[in-house]
**Q** 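Below are the structure tokens for one structure; questions will follow.
Throughout, protein chains are lettered first and strands after them, A, B, ... in sequence-line order, and every chain is numbered starting at 1.
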Amino acid sequence: MATKPSTQKASGTNPAPSGSPLAPPIKAVKLRHPIRWVVAGVIVLYFASFVWDAAVNRPVYDWETFGKYIFDKRISEAALVTLELTVCSMVIAIVLGIALAVMRLSPNPVFQGISWFYLWVFRGTPVYVQLVFWGLIAAIYPTFTLGIPFGPQWFSVAAADVPVFWIAVVGLGLNEAAYMAEVVRAGILSVDSGQSEAARALGMSWSQSMRRIIIPQSMRIIIPPTGNEVISMLKTTSLVAAVPFSLDLYMRARDIAGPIFRPIPLLLVASSWYLLFTSILMVGQYYLEKRYARGTGFERVKAPNESTTEVTK
Amino acid sequence: MSAESLFTAPISLSGDDVMVRAEGVVKKFGHNVVLRDISLEVKRGEVMCLIGPSGSGKSTFLRCINHLEVLSGGRLSVEGRLIGYREKNGVLYEMKPNEAAAQRRDIGMVFQRFNLFPHMTALENVIEAPIQVKKLPKAEAIERGKELLDRVGLGDKFDSYPAHLSGGQQQRVAIARALAMNPSLMLFDEPTSALDPELVGEVLDVMKELAKSGMTMIVVTHEMGFAREVADTLVFMDAGVVVETGDPKEVLANPQRNRTKAFLSKVL
């Protein structure tokens with residue numbers, strides 16, 4: 001590899017004092033890292049041999065079957081169901097999570113206690129076990145009723161009449177809400193207390209300062225882990241078999257694989273769809289993070305004096 | 001710049017000219033007594049500087065006036081209205097949050113650490129409360145906000161985020177933000193303590209203009225020069241009590257109490 005002289009930018013952030021020419025750029029031989037390159041080369045070699053082996057020597061991957069089913073209508077429909085499960089349960093999780101976080105930060109000990117207890121139960125038991133429980137809910141509570149405790153009832157529905165899809169959504173959403181509550185709480189606590197003081201000093205109410213001042217700033221802290229939670233939820237939906245709900249991507253792929261005795265290519269099919277969705281989510285997260293980085297100094301804002309930073313004459 | 005004042009001062013409507021009245025104010029944090037017995041009066045249009053060693057309770061007292069801290073004892077009123085409480089038949093009732101918020105609207109506060117909203121531009125910082133709290137039409141708020149920023153010398157920084165402003169510029173935005181609510185009283189909590197020495201002057205200049213316009217101001221400060229030049233009254237506090245009060249020139253030149261003498265000998 002040819003060594004290029006390193007061209008370090010001599011014009012830093014400050015413009016040179018009036019008119020005086022800058023010192024010429026530093027010319028130096030770049031530091032070499034031979035060990036790094038050797039290790040990297042070995043890793044690439046191993047990886048290439050793995051890919052070659054997978055393509056040539058492993059017929060059980062069965063790329064032909066993979067190609068046949070990757071765009072199968074049943075698979076793409078199941079992928080849509082998985083997306084619906086993810087979106088619906090995350091909506092429940094975020095709304096409930098915000099409520100739980102606000103309760104946890106409330107001065108009222110009853111609210112704090114309720115929030116703590118919720119987290120204790122839903123974070124303390126495995127989501128798979130919770131989903132099995134939700135599947136058996138009709139055996140425990142044959143009817144759901146809305147009304148005043150020990151008083152009149154307004155609304156009642158038989159548990160057996162609730163679609164399994166919604167039981168799965170509730171099971172996933174209530175579990176995730178416990179994690180979202182912690183994400184939101186960390187975000188709210190990350191905002192300097194001077195911010196809410198300044199808002200109060202200006203006569204803003206609690207809800208105004210939350211909505212206009214605290215939440216927008218906490219979003220910068222809340223969004224990255226929430227993106228993680230969405231991606232995690234997308235994959236957790238494969239556990240809804242526990243309910244049992246069988247129209248999601250993973251269960252559909254297994255149901256197709258069963259009669260034709262080809263589990264491996266269909267697992268690859270399902271994995272490819274999961275990967276596609278997580279990739280799309282990652283792109284979305286990138287733009288959201290950029291949006292909420294306003295005013296933090298991390299974003300690219302064109303400062304009025306920016307044109308003076310680069311001295312080109 | 002015209003001879004007329006830069007800032008419009010609120011006009012006194014009531015006959016009572018006492019703006020802030022503190023009677024035996026006590027503030028405890030747990031067992032820690034921060035304010036022991038503070039009694040003082042601030043007249044309309046008066047500029048009062050509070051000085052004293054750190055931990056003497058100056059900032060806590062200032063925060064009590066704005067109900068950012070809740071009093072433990074004594075009485076505190078602004079424009080004749082009790083702060084944080086309603087009194088009915090000799091019984092005090094805690095105010096609802098929205099009543100307390102309404103009281104704070106008329107009291108502007110400037111913080112040591114500026115506390116600008118970092119996700120908003122300078123102009124957005126200034127117009128936020130007038131639009132949200134006073135329900136001012138946006139166009140009107142923008143017009144007035146630009147005018148205020150212009151007056152604190154930031155006419156070219158409307159669209160800058162706080163992160164791109166110097167400390168002195170940020171503090172001037174913070175002053176404009178407080179003035180945008182048309183307060184009748186301005187509280188300054190060590191407004192220049194977090195600034196580089198060369199930026200202190202630009203903030204003090206804005207405060208001097210404000211004082212000249214007749215604004216009632218209570219300023220916690222370590223800037224003795226500012227106190228001497230601008231203040232009508234100087235209050236020296238120590239260990240939660242008022243040690244000495246008087247005309248700033250006299251107190252600074254000829255302190256009566258030993259504690260005041262000891263403090264001034266170190267800072268002057």
Side-chain angles (χ1 to χ4, degrees), chain A residues 13-15 102 105-108 111 187-224 287-309, chain B residues 62-63 65-69 96-122 124-135 156-165 173-174 177-183 185-187 189 194:
Chain A
T13 46
N14 291 319
V102 170
L105 296 170
S106 147
N108 183 323
F111 283 159
I188 292 175
L189 289 178
S190 75
V191 179
D192 180 50
S193 62
Q195 291 291 309
S196 65
E197 269 185 6
R200 280 159 71 201
L202 287 166
M204 292 172 90
S205 68
W206 180 85
S207 67
Q208 279 172 335
S209 83
M210 265 304 184
R211 199 161 39 81
R212 302 282 310 169
I213 309 299
I214 309 297
I215 298 284
Q217 288 184 62
S218 59
M219 286 310 248
R220 200 167 60 80
I221 304 296
I222 290 174
I223 282 178
Y287 283 104
L288 264 181
E289 280 181 28
K290 229 171 103 168
R291 165 85 172 72
Y292 281 102
R294 273 179 312 168
T296 56
F298 294 111
E299 87 284 28
R300 289 282 305 147
V301 168
K302 204 160 187 280
N305 58 350
E306 200 167 58
S307 56
T308 61
T309 56
Chain B
L62 207 64
R63 293 163 57 81
I65 297 175
N66 207 3
H67 201 45
L68 288 174
E69 303 290 354
K96 289 181 193 155
N98 57 349
E99 292 174 295
Q103 249 181 355
R104 288 195 191 100
R105 272 171 223 174
D106 301 329
I107 306 174
M109 182 143 187
V110 174
F111 298 88
Q112 183 178 358
R113 304 281 334 166
F114 328 136
N115 294 353
L116 289 183
F117 306 133
H119 59 305
M120 298 181 181
T121 63
E124 286 168 348
N125 262 280
V126 175
I127 64 175
E128 176 68 15
I131 291 175
Q132 295 295 326
V133 179
K134 283 201 159 169
K135 310 294 178 200
D156 56 338
K157 300 286 185 194
F158 296 156
D159 298 326
S160 297
Y161 284 98
H164 299 114
L165 296 174
V173 174
R177 179 175 72 175
L179 290 174
M181 292 295 283
N182 279 324
L185 168 67
M186 284 285 284
L187 308 174
D189 188 4

**Q** Which answer fits Q103(B), side chain, backbone, both or neither, if we ask what part of it has an atom under 4.5 Å from a heavy atom of chain A?
**A** neither
**Q** Indicate the atoms forming the closest heavy-atom contact of A101(B) with M204(A), along with that distance.
**A** CB-O, 4.2 Å
**Q** Let me know if F111(B) has heavy atoms under 4.5 Å from chain A in its side chain, its backbone, both or neither.
**A**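 Just the side chain, heavy atoms under 4.5 Å.
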**Q** Check each atom of R63(B) against the heavy atoms of chain A and say whether the ones under 4.5 Å are side chain, backbone, both or neither.
**A**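 Side chain of R63(B) only, per the 4.5 Å heavy-atom cut-off to chain A.
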**Q** Below 4.5 Å, heavy atoms only, C-beta onward: do R212(A) and M120(B) meet side chain to side chain?
**A** yes
**Q** Side chain, backbone, both or neither: which part of L116(B) has an atom under 4.5 Å from a heavy atom of chain A?
**A** backbone
**Q** Under 4.5 Å between any side-chain heavy atoms of R220(A) and H119(B), yes or no?
**A**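 No, side chains not in contact.
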**Q** What part of N98(B) is in contact with chain A, defined as an atom under 4.5 angstrom from a non-hydrogen atom: side chain, backbone, both or neither?
**A**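 Neither the backbone nor the side chain of N98(B) comes within 4.5 Å of chain A.
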**Q** Does any backbone or side-chain atom of L68(B) lie under 4.5 Å from a heavy atom of chain A? Answer side chain, backbone, both or neither.
**A**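 Both parts, backbone and side chain.
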**Q** Taking everything shown except F158(B) itself, do over 12 heavy atoms lie less than 6.0 Å from its CZ?
**A**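 Counting other residues, nucleotides and ligands, CZ of F158(B) exceeds 12 neighbours.
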**Q** With a 4.5 angstrom heavy-atom cut-off, which part of Q208(A) approaches chain B: side chain, backbone, both or neither?
**A**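 For Q208(A), the side chain is the part near chain B, not the backbone.
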**Q** Looking at chain A, which one of R113(B), Q132(B), R177(B), K134(B) has the largest number of heavy-atom pairs inside 4.5 Å, strictly under?
**A** Q132(B)
**Q** Identify the two heavy atoms, one from V133(B) and one from L202(A), that lie closest to each other, and give their separation to 0.1 Å.
**A** CG2-O, 4.0 Å
**Q** Measure the OG-CG distance between S193(A) and N115(B) for me, rounded to the nearest 0.5 Å.
**A**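 The CG atom of N115(B) is 8.0 Å from OG of S193(A), to the nearest 0.5 Å.
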**Q** Hey, what do you get for OG (S205(A)) to NZ (K96(B)), rounding to the nearest 0.5 Å?
**A** 14.5 Å
**Q** Should Q195(A) and P118(B) count as side-chain neighbours, where that means a heavy-atom distance under 4.5 Å?
**A** yes
